[in-house]
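Right, one structure below, let's go through it.
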Protein chains: 2
Amino acid sequence: MAITLYELVAREDRRLSPFCWRTRMALKHKGLEATIEPISYSNKERIKFSGQDRVPILVDGKTVVTDSWRIAGYLEDTYPKQPSLFGGASARGEALFINRWADANLNPAIIRLIVREMYDLVLPEDRDYFVRSREARFGMPLDQLHATRDQHWDAFERALLPIRQVVSEQPYICGTAPGYGDYIVFGSLQWPRLMAATELLKRDDPVYAWRERMLGLFDGYGRSAPARTPG
Amino acid sequence: MAITLYELVAREDRRLSPFCWRTRMALKHKGLEATIEPISYSNKERIKFSGQDRVPILVDGKTVVTDSWRIAGYLEDTYPKQPSLFGGASARGEALFINRWADANLNPAIIRLIVREMYDLVLPEDRDYFVRSREARFGMPLDQLHATRDQHWDAFERALLPIRQVVSEQPYICGTAPGYGDYIVFGSLQWPRLMAATELLKRDDPVYAWRERMLGLFDGYGRSAPARTPG
């Protein structure tokens with residue numbers, strides 16, 4: 001059955017969505033081939049069939065699945081003979097915690113650091129929408145948010161703490177082998193790698209070393225998307 | 001083989017340590033009996049045998065294990081025929097993430113809200129040590145910290161967000177049945193229940209409902225420790 005993944009695209013064919021990277025890595029983990037369909041903020045007409053306007057969207061034959069967490073569950077349940085994304089019921093439960101933590105605490109910290117820089121790479125036709133929607137979300141012009149960027153480092157550093165601890169004690173968040181818990185956090189940290197004008201992670205940070213391990217998985221799949229700032 | 005758990009005690013026999021509650025719940029989950037030995041801040045001579053001065057300490061026959069995370073791993077590996085605390089290797093990895101997150105983000109948010117109120121329940125002989133060590137940690141008198149308590153609500157609310165999301169979507173952090181990921185967070189939220197003069201959780205918060213479920217486990221083991229503020 002043919003699988004298609006709809007995901008967000010920026011200039012230079014950058015795939016910038018942390019949520020879509022979760023799904024990309026999940027597909028690789030499951031060993032499933034997918035056609036990837038780039039969507040811009042402006043041509044959301046093309047995903048109207050899904051009944052909502054967000055990506056990722058997975059289409060598997062006649063089945064349409066939205067939301068990265070629901071897609072992960074769908075892949076796990078539909079392809080049980082392929083390598084497990086979670087590794088059991090408890091791990092799946094705890095992965096949801098990591099997912100909601102990334103959504104509530106990690107991603108909001110990152111976007112405040114990079115949203116102005118993301119703008120440079122947004123497709124020309126998406127710029128108006130991007131600025132309007134982000135300025136509404138943050139309640140101020142993006143330039144002003146960027147000017148107060150230093151205030152948001154603390155939240156980012158606080159969110160990095162548990163990741164740093166864990167990947168100092170074991171190779172992956174899921175232990176000795178990577179799993180969906182890793183792909184969630186990888187999505188979050190691949191995002192600034194692709195879109196930020198300055199590297200957010202120090203080279204000697206264990207989180208950097210972990211991200212390097214993640215970039216190397218599946219024959220360097222994550223690394224094949226070039227960093228905006230060459231390390 | 002006889003198991004002994006050394007843990008911290010406050011007035012009215014309150015067992016106040018979030019870390020010791022992790023171990024208490026882990027022992028129950030494993031169906032293991034243990035003699036519980038109360039330790040005060042002032043009589044740490046009694047745990048000198050462990051080569052360090054923190055609780056919990058588990059003594060199993062001739063084996064001495066310190067640190068709640070190491071104790072959980074010890075119990076899992078030593079008693080593999082008893083119900084699994086983690087439910088697999090990936091779940092164990094992810095539980096470490098939850099553990100380090102609770103240590104780095106959740107517990108520091110809680111202690112700032114309750115440390116002044118904890119003082120009221122500290123054993124008389126422990127008060128000097130408690131005040132001195134906490135004031136050194138926070139860099140200000142406890143009364144001053146308490147006066148600025150409102151500033152710390154945001155951090156607590158931010159830490160509650162992922163818990164709230166998860167336990168709204170599934171009964172336990174570990175999915176349909178409780179596991180060590182739940183016991184970690186339960187320890188953190190049992191702590192203010194026992195030691196805070198005001199309830200930190202609203203009654204209609206899904207986190208409150210989850211804590212109620214946790215209090216009911218093992219024949220109401222957690223609930224047998226009375227709340228400071230009757231709900």
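Residue numbers start from 1 in every chain, and the chains themselves are labelled A, B, ... in the order their sequence lines are given, proteins ahead of strands.
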Report task. Report the option among B:Asp103, B:Val167, B:Asn105, B:Asp182 that has the most heavy-atom pairs separated by less than 4.5 Å from atoms of chain A. Result -> B:Asn105
Query raised in the report: What class does the angle between the rings of B:Trp210 and B:Phe186 fall in, given that below 30° is parallel, 30 to 60° is tilted and above 60° is perpendicular?
Result: perpendicular
Requested in this report: Specify whether B:Phe97 and A:Trp101 have parallel, tilted or perpendicular ring planes, treating 30° as the upper limit for parallel and 60° as the lower limit for perpendicular.
Outcome: perpendicular
Query - Engaged part of A:Gln170 at the chain B interface, taking heavy atoms whose separation is under 4.5 Å - result: side chain
Query raised in the report: In terms of heavy-atom pairs under 4.5 Å, which option from A:Ala104, A:Gly181, A:Pro108, A:Ala95 contacts chain B the most?
Result: A:Ala95
Query raised in the report: Using a cut-off of under 4.5 Å for heavy-atom pairs, which of B:Ser90, B:Gly87, B:Gly175 has the most such pairs with chain A?
Result: B:Ser90
Query raised in the report: So which part of B:Ala177 gets closer than 4.5 Å to some heavy atom of chain A, the side chain, the backbone, both or neither?
Result: neither
Query raised in the report: Is the shortest distance from a Lys or Arg side-chain nitrogen in A:Arg193 or A:Glu199 to a carboxylate oxygen in the other one below 4.0 Å?
Result: no
Requested in this report: Answer with yes or no after comparing the ring centroid distance for B:Phe86 and B:Trp69 against a 6.0 Å cut-off, counting only values under it.
Outcome: yes
Query raised in the report: B:Phe49 vs B:Tyr6 aromatic rings, parallel, tilted or perpendicular, using cut-offs 30° and 60°?
Result: tilted
